[in-house]
Structure formats: structure tokens, C-alpha cells
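Notes follow the structure.
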2 protein chains.
Amino acid sequence: MIENTPLVRKLGAFVALSAPELAVLASLHKRRRTFVAGRDLVRQGQSDQAAYILANGWACSYKLLEDGRRQIVDFQIPGDFLGLRSILLHVSDHSIEPVTDIEVTEILAADLLTAFAQTPRLATAVLWAASRDEAMVVEHLVDIGRRDAAERMAHFLLELGGRLTLVGLATKAGYACPLTQYLLADALGLSSVHVNRVLRQLREAGMVTFREGFVAFDDYDKLAVFAKFDPTYMDPRGPLLL
Amino acid sequence: MIENTPLVRKLGAFVALSAPELAVLASLHKRRRTFVAGRDLVRQGQSDQAAYILANGWACSYKLLEDGRRQIVDFQIPGDFLGLRSILLHVSDHSIEPVTDIEVTEILAADLLTAFAQTPRLATAVLWAASRDEAMVVEHLVDIGRRDAAERMAHFLLELGGRLTLVGLATKAGYACPLTQYLLADALGLSSVHVNRVLRQLREAGMVTFREGFVAFDDYDKLAVFAKFDPTYMDPRGPLLL
DNA sequence: ACGCTGCGCTGATCGAGATCAGCTATCGAC
DNA sequence: GTCGATAGCTGATCTCGATCAGCGCAGCGT
């Protein structure tokens with residue numbers, strides 16, 4: 001019997017996976033590996049890369065411009081794929097860096113493609129997961145393109161809270177968050193200086209406090225209104241495939 | 001025999017589709033429909049939406065904030081899916097508006113899911129297409145987060161050129177482009193006033209001229225260097241599945 | 001005990017791009 | 001033939017957030 005991992009919980013919300021399907025999914029998990037914070041596990045431009053499933057810890061995927069500017073595309077939390085696109089596109093268009101020390105299980109490209117051929121419902125489930133990730137990137141795009149710094153920060157902290165709640169790592173009260181202000185800056189397209197000021201604003205407005213690795217929602221509803229946070233793109237609307 | 005549509009060309013670059021698989025793909029194409037420019041065909045928040053394949057014309061997908069600000073996420077050109085995420089997530093997280101009058105073929109959610117179950121390689125091919133789209137959204141995110149207005153515009157025009165070249169609608173000399181400065185503004189997270197100024201800058205620098213619905217690359221290489229344009233994320237690296 | 005480095009924090013100044021207010025040209029409706 | 005509407009274009013001004021320069025503090029290696 002396969003354990004109740006975050007990944008299974010996530011995919012299960014979309015496709016009711018049968019026992020044989022779960023077995024195939026389990027068989028994908030190869031070596032368990034650990035990586036230390038800060039040392040890239042996927043590098044932009046590498047080809048024929050393996051993919052991973054994050055079991056423990058936080059990571060971030062980012063892109064670098066050659067002059068050193070960097071944009072963090074997304075953070076990954078337990079249950080998320082790392083580098084799935086690297087497999088499908090043959091080459092990694094981004095880098096992935098562990099934010100904390102992490103534990104992952106490796107997945108080989110060939111195994112994954114074989115599994116898709118044998119268990120089409122699994123392929124559909126993964127397509128769903130990829131779509132959900134894309135929806136988050138899209139929301140992130142709206143953040144950076146059309147929300148000002150404070151709204152952006154507020155929205156980001158709420159979204160993260162929502163994702164963590166799905167895997168049991170957050171409540172409406174708050175969550176533990178290992179991100180530094182530098183990481184937030186690179187994710188939100190701001191300078192770290194400005195991140196600091198914005199966090200102060202939100203704290204002084206009594207909406208949210210981010211301090212010493214913990215995000216505390218002081219007034220969740222007020223924050224949600226302020227950020228124009230609409231969670232429909234996040235929560236599963238019940239299984240699509242039975 | 002299925003015609004050589006842009007979609008088949010696109011998917012074929014990734015998965016060598018067999019005759020029966022092509023037949024399944026063809027059977028997905030239901031009613032052919034047309035929509036006039038400016039009238040939404042998918043609306044943010046709608047559920048149980050159909051998806052479409054764009055046969056002719058240009059469209060754009062965008063998200064709206066309730067105060068009217070809008071962010072265009074991507075433009076679609078012939079061969080692209082419209083609203084695939086609406087099916088997979090049960091609800092549409094974005095709207096889609098035809099930029100020109102367009103022709104599409106409708107695809108029903110149930111048909112698509114059935115097709116995936118019967119022809120797993122098709123599911124994989126669609127997963128690839130979705131990943132490619134996601135890679136473009138990600139690049140777009142870097143644009144808006146970390147490139148200044150001129151680089152952003154330059155990069156955008158080059159990327160669009162690359163995509164159009166894949167379906168035979170552009171060359172290194174330029175391409176026909178029905179986008180207005182207002183649409184560019186909403187896509188690039190700028191004001192239309194600033195779009196105008198940036199286009200002038202690029203024109204006066206002798207790099208690219210966008211006038212009367214036509215983008216002309218005056219000095220393609222100079223533009224590519226200026227924009228730090230790295231096309232690896234776009235071009236197919238040969239088929240993954242044989 | 002010392003310095004070093006990473007992280008959070010703050011004031012002063014600067015600049016890219018928004019906003020405001022207007023202009024011209026074109027095109028279709030009446 | 002004129003009246004809107006739409007698209008492109010421009011100058012003047014304002015503002016949000018970047019940049020520069022610096023602060024204190026905690027952890028850590030020597």
C-alpha cells in the first residue's frame with residue numbers, strides 16, 4: 001500500500017486513482033535524495049535532466065538574466081513536482097534551488113513516459129497538476145503586471161497560505177515560512193529594501209505580520225479584500241475523472 | 001486523411017502520431033464556429049466551458065481585476081488551444097477575447113478525456129503543448145518582473161516572431177501583426193502612452209519598426225542582443241516520443 | 001575576544017514609467 | 001458634410017519603487 005504522500009493527496013483530488021495506478025505511481029519513485037539549501041539541483045540550460053517530487057522542505061524555481069537580475073517563478077512545497085518541464089521540453093528553461101535543506105525522490109524521464117503510456121489516467125492527472133501550476137504562474141503574472149507592491153505582497157502571502165493549507169501546513173491564523181526578504185524581492189519583482197517597507201506597511205495596517213520565519217494573519221478578511229484575493233483558481237472543484 | 005493543420009504540425013514535432021491517433025485527434029473537432037473581434041468567447045469564472053482550437057486569426061487570454069485593470073497573459077495564434085485549462089480545472093480562471101475575427105473548432109471536455117484514456121500518447125503530446133505554453137508564460141513573467149520597458153517590448157516582438165515562424169506566418173524580416181498599442185500595453189504591464197514612446201525608441205535606434213499592422217525587424221541581431229533573447233525555451237528539440 | 005557574513009531595517013535621493021491633458025488622422029454612421 | 005469613435009502620438013507633471021548608503025544584531029569560525 002502506497003503511503004498517503006502529499007502528491008497522492010493532490011492528484012487524488014482530481015482523479016480517483018485505482019490501486020494499480022497508485023502502484024505505478026509508487027514505482028516511479030526511485031532513489032531518495034537530499035540537497036542542502038542554496039545549492040541548485042537543476043540548472044538553466046541543462047538537458048536530459050531528471051525530475052523530482054519534493055517530499056520535504058521548500059524550493060524555488062527561477063530564471064536568471066545574464067546580468068544577474070533574477071526572477072523567481074514559483075516556490076515549491078511538499079507534494080510539488082520539480083523540473084517536470086525539463087523532461088517534457090528536453091532541456092531545462094529554469095533553475096531550481098532549495099530554500100531549505102530538502103528531501104526529494106527522483107523520477108526518470110523514461111519511466112514517466114512509460115507510465116503515461118500504461119496508465120492514461122495518470123497522464124491526465126499529471127496534466128491537471130501542470131495546469132494548476134500554470135494557473136498559479138498566471139496569477140503571479142497578474143500580480144507583477146497589474147498590482148502595486150503592497151497588493152502584490154498581500155496576494156502572495158495569501159496564495160502561499162492557501163497552498164500550504166491544502167497539504168496541512170497552514171491555517172487561517174498563519175504558517176511557518178522560511179523565505180527571506182531577498183527571496184520575496186526576487187519573486188515579486190521588487191528590491192529587498194522595498195519588500196521590507198511593504199511588510200512594515202502591512203503590519204502597521206494590522207493585516208499581516210511576517211517575522212522570524214512566521215507569517216501571522218492579523219486580519220485575514222481585511223487582507224483578502226485589500227489584495228483582491230480570489231481563490232477560485234486554487235481550490236479543486238471536486239474530481240473531474242471518477 | 002487528416003489535413004496538415006497547425007495543431008498537428010505542432011504536436012507532431014513532439015510525438016510521432018500514428019494514423020489511428022491522428023484519427024482520434026480529428027474526431028475531437030466538432031462544430032466549426034466563428035467569433036467576431038472583441039466579443040469574449042470564454043469568460044472568467046464560467047464553469048463547464050468547452051475548449052477550442054484556433055484555426056484562423058488571433059486571440060488573447062487575459063485576467064481582469066475588479067477595478068478594471070487588466071493583464072493579458074498570452075496571445076494565441078493558429079494552432080493554439082483556447083481554454084484548455086478551463087476544462088481541466090472545471091472553471092475558467094481567465095477570459096479569452098478574439099483580437100481579430102477568428103475561426104475555431106470546438107472540443108468537448110468529455111471527448112477530450114475519453115481520447116486521453118484511449119490514446120495515451122495523445123495525452124502526453126497535449127501535456128507537452130501545455131508545458132510549452134507554460135514556458136512562455138514564465139518567460140513573460142521574467143519580462144514583466146525583471147526587464148525594463150524597452151527590453152520587454154523587444155523581447156516580446158521577437159518571441160511572437162519566433163512563434164509565428166513555426167506556423168509559417170513570419171520570417172526574420174518581420175510579420176503582420178494586428179495588435180494595437182493598447183493591447184501591447186495590457187500584455188506588457190505598461191500604459192499605452194509608454195508603449196508608444198518605447199516603440200519610437202526602438203524605431204529610432206534602428207532595431208524594429210511596428211507600423212500599420214506590420215512588424216519589420218530593421219536589425220534582427222541587434223534587437224536580439226538588446227533584448228537578451230534566448231530562444232531555447234521555444235524551439236522543439238526534436239521528438240521526445242517516437 | 002575578534003571580525004565576518006547574512007539578514008533585517010531605515011533615511012535620502014533619483015529615475016522610469018504612470019497619469020493628465022491634449023493633439024491629429026482615419027473611418028463609418030447618419 | 002459633420003459627428004463620433006478609435007488609434008496613434010506628444011509634452012508636462014507626479015509618484016512609486018529603485019538605488020545608495022548606512023544602521024544594528026545574531027551566529028559562527030578562529
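Naming: A, B, ... by sequence-line order, numbering from 1 per chain. Keep in mind that what you see is a predicted model, and the values were worked out from it rather than measured.
A:Gly38 comes within contact range of no nucleotide atom at all, as no heavy-atom separation falls under 4.0 Å. Nucleic acid contact for B:Val193: base, since at least one base atom lies under 4.0 Å from a heavy atom of the residue. Among the heavy atoms of the strands lying under 4.0 Å from B:Ser191 is at least one base atom, whether or not backbone atoms are also near. Residue A:Gly213 is out of contact with every strand shown, counting any heavy-atom pair closer than 4.0 Å.
The phosphate of D:dC9 has OP1 or OP2 within less than 4.0 Å of a side-chain N or O from B:Asn196.
Using a cut-off of 4.0 Å between Lys/Arg side-chain N and Asp/Glu carboxylate O, B:Arg163 and B:Asp80 are scored as salt-bridged. No salt bridge links B:Arg152 with B:Asp143; every basic N to acidic carboxylate O contact stays at or beyond 4.0 Å. Salt-bridge check for A:Glu139 with B:Lys63: passed, with a basic side-chain N closer than 4.0 Å to an acidic carboxylate O. Between A:Arg39 and A:Glu97 there is no salt bridge, since none of the side-chain N atoms of the basic residue sits less than 4.0 Å from a carboxylate O of the acidic one.
In this structure, the CD atom of B:Gln201 is 17 Å from the C1' atom of D:dG8, given to the nearest Å. Counting to the nearest Å, the P atom of D:dA18 and the CD atom of A:Gln181 are 13 Å from each other. Rounded to whole Å, the distance from CG on B:Leu184 to C1' on D:dG8 is 12 Å. Distance CZ (A:Phe214) to P (C:dG8): 16 Å, rounded to an integer number of Å. If you measure from atom CZ of A:Arg147 to atom P of C:dA18, you get 17 Å, rounded to the nearest angstrom. Protein atom CZ of B:Arg211 is 12 Å distant from nucleotide atom P of D:dG8, rounded to whole Å. Note: CG (A:Leu183) to C1' (C:dG6) measures 12 Å, nearest angstrom. Atom CD in A:Glu151 sits roughly 14 Å away from atom C1' in D:dG17 (whole-Å rounding).
Considering only the side chain of B:Arg200, D:dT10 comes nearest among D:dG8, D:dT19, D:dT10. Nearest to the side chain of B:His194, among D:dG17, C:dG17, D:dT10, sits C:dG17.
Judged by distance alone, with hydrogens and angles left aside, A:Arg197 brings a side-chain donor or acceptor within reach of the base of C:dG11, the pair sitting under 3.5 Å.
Within the 3.5 Å criterion, the main-chain N or O of A:Arg146 finds a donor-acceptor partner in the side chain of B:Arg69.
Both A:Arg146 and A:Phe210 lie near DNA chain C, and the one whose nearest nucleotide falls closer to the 5' end is A:Phe210.
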